[in-house]
Amino acid sequence: MRDEQRVVITGLGVVTALGPDRESTWAGIRDGRCAIRAVTLCDSSSSGDTTTRWLGAPLNLPTGSGQDPVVVLGLQASEEALADAGLADISSIDSARAACTLSTSKGGMRTLLEGHRRLLEGQALSAGVLEQAHPGALAMAASARFGFRGLATGPVAACAGGVHSLIQAYHLIGEGRADVALAGAADASLILPLMAAYDRMGVLSHQFDD
């Protein structure tokens, strides 16, 4: 068995409630800023009455793209990582040996819930719902956006999904199955059913005044 190739991280991209990139996020951490605040979610499938408040860390996401927030977040972070790695233009590498291993623990649940609402209202449902809702949506979208034609996969491992993506990317490069791998994770969990489920589990704080 031959020795594995050396694997290094060459670029980083981050989108958080502290900022839209790694520099602003790090500045927020360094300055001790807190992005957590009380949020109130609305049930769009019923009367629109607001629900009990929860604590969360909302992000300001661009709208009108037709993509689920999970995909929007993942692509935004991916663009920064590729630019940081000097791979904004991948014409210098073999795209068939460029892999995407991008995880999401829940997939595009907002897209799925919106599709369910449309069905209940008797509206037509686009086949594109599946493209945005399944766990591989981010990896598929990133491959298409950046021209990566290697393996595209979306490991699902709850909160450890991002770590699994990094491990998979490490093995792909180390074993010589890819020259470049885009690895990471994204989730957008501030939606009513998920927050209600977490609340029922007892893992959410209601200490809004602290």
Side-chain angles (χ1 to χ4, degrees), residues 13-17 20 35-80 100-149 151-162 164-165 182 184-204 206 208:
V14 181
V15 179
T16 73
I36 298 172
R37 62 179 175 83
V39 295
T40 304
L41 302 178
C42 180
D43 183 359
S44 60
S45 66
S46 60
S47 63
D49 293 334
T50 55
T51 68
T52 304
R53 294 188 305 163
W54 290 293
L55 293 176
L59 298 111
N60 294 318
L61 294 173
T63 58
S65 69
Q67 294 176 312
D68 191 271
V70 166
V71 175
V72 173
L73 284 170
L75 291 179
Q76 189 172 329
S78 295
E79 286 181 350
E80 183 185 16
C100 282
T101 168
L102 296 170
S103 172
T104 169
S105 69
K106 304 168 189 69
M109 291 199 68
R110 248 180 253 196
T111 296
L112 195 61
L113 288 171
E114 175 61 19
H116 180 247
R117 182 191 65 78
R118 291 176 62 87
L119 284 175
L120 291 178
E121 293 176 354
Q123 300 181 50
L125 192 64
S126 167
V129 168
L130 184 59
E131 291 182 1
Q132 296 292 313
H134 72 84
L138 176 54
M140 182 175 65
S143 292
R145 168 76 66 85
F146 306 118
F148 284 26
R149 296 191 298 113
L151 176 70
T153 181
V156 177
C159 297
H164 278 263
S165 294
L182 177 61
D187 269 303
S189 300
L190 287 183
I191 58 176
L192 183 60
L194 281 177
M195 294 295 283
Y198 287 140
D199 195 29
R200 186 61 181 253
M201 290 168 63
V203 299
L204 300 185
H206 290 271
F208 302 117

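Given the structure is predicted, the values throughout are model-derived calculations rather than measurements. Just so you know, residue 1 is the first one in the sequence shown, and it goes up from there. These numbers come from the heavy atoms of this one structure, side chains and all, not from hydrogens, waters or symmetry mates.
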(message) Applying side chain to side chain donor-acceptor pair (under 3.5 Å), can you list everything that pairs with Ser165, at least two apart in sequence or on another chain?
(response) none
(message) Under the rule for side chain to side chain contact (heavy atoms under 4.5 Å, CB included), what residues qualify as partners of Leu204, not counting sequence neighbours?
(response) Trp54, Met195, Tyr198, Asp199
(request) Tell me, yes or no, whether the heavy-atom count around Ile36 atom CD1, taken from other residues, nucleotides or ligands under 6.0 Å, exceeds 12. (result) no
(request) Identify, with sequence neighbours excluded, every residue that meets side chain to side chain donor-acceptor pair (under 3.5 Å) alongside Arg37. (result) none
(message) For the CZ atom of Arg110 and the CG atom of Leu113, what is their distance to the nearest 0.5 Å?
(response) 9.5 Å
(message) Under the rule for side chain to side chain donor-acceptor pair (under 3.5 Å), what residues qualify as partners of Ser103, not counting sequence neighbours?
(response) none
(request) Would you please name every residue forming a side chain to side chain contact (heavy atoms under 4.5 Å, CB included) with Ala77, sequence neighbours left out? (result) Val15
(message) Could you report the tightest heavy-atom contact between Leu182 and Ala142, atom names first, then the distance?
(response) CD2-CB, 4.2 Å
(request) Give a yes or no on whether the backbone of Val14 and the side-chain of Glu80 come within a donor-acceptor separation of less than 3.5 Å. (result) yes
(message) For Arg145, give me all partners under salt bridge (Lys or Arg N to Asp or Glu O under 4.0 Å), at least two apart in sequence or on another chain.
(response) Glu79
(request) State which residues pass side chain to side chain contact (heavy atoms under 4.5 Å, CB included) with Glu131; sequence neighbours excluded, sorted by chain then number. (result) Met140
(message) Contact between Gln67 and Leu75 at the side-chain level, heavy atoms closer than 4.5 Å - yes or no?
(response) yes
(message) Has Gln132 got a side-chain atom pairing as donor or acceptor with Gly108's backbone, closer than 3.5 angstrom?
(response) no
(request) Inspect the contact between Glu114 and Arg117 and indicate whether a charged nitrogen and a carboxylate oxygen are less than 4.0 angstrom apart. (result) yes
Distance-only criterion, 3.5 Å: show the donor-acceptor pairs between side-chain atoms of residues 184-193 and protein atoms not counting sequence neighbours.
| from | atom 1 | to | atom 2 | distance (Å) |
| --- | --- | --- | --- | --- |
| Asp187 | OD1 | Thr104 | OG1 | 2.9 |
| Asp187 | OD1 | Ser105 | N | 3.3 |
| Asp187 | OD1 | Ser105 | OG | 3.3 |
| Asp187 | OD1 | Lys106 | N | 3.4 |
| Asp187 | OD2 | Ser105 | N | 3.1 |
| Asp187 | OD2 | Ser105 | OG | 2.9 |
| Ser189 | OG | Lys106 | NZ | 3.4 |

(message) Test of understanding: with side chain to side chain donor-acceptor pair (under 3.5 Å), list the residues that count as partners of Thr153, not counting sequence neighbours.
(response) none
(request) Apply side chain to side chain contact (heavy atoms under 4.5 Å, CB included) to Pro135 and list each qualifying residue two or more places apart in sequence or on a separate chain. (result) Val156
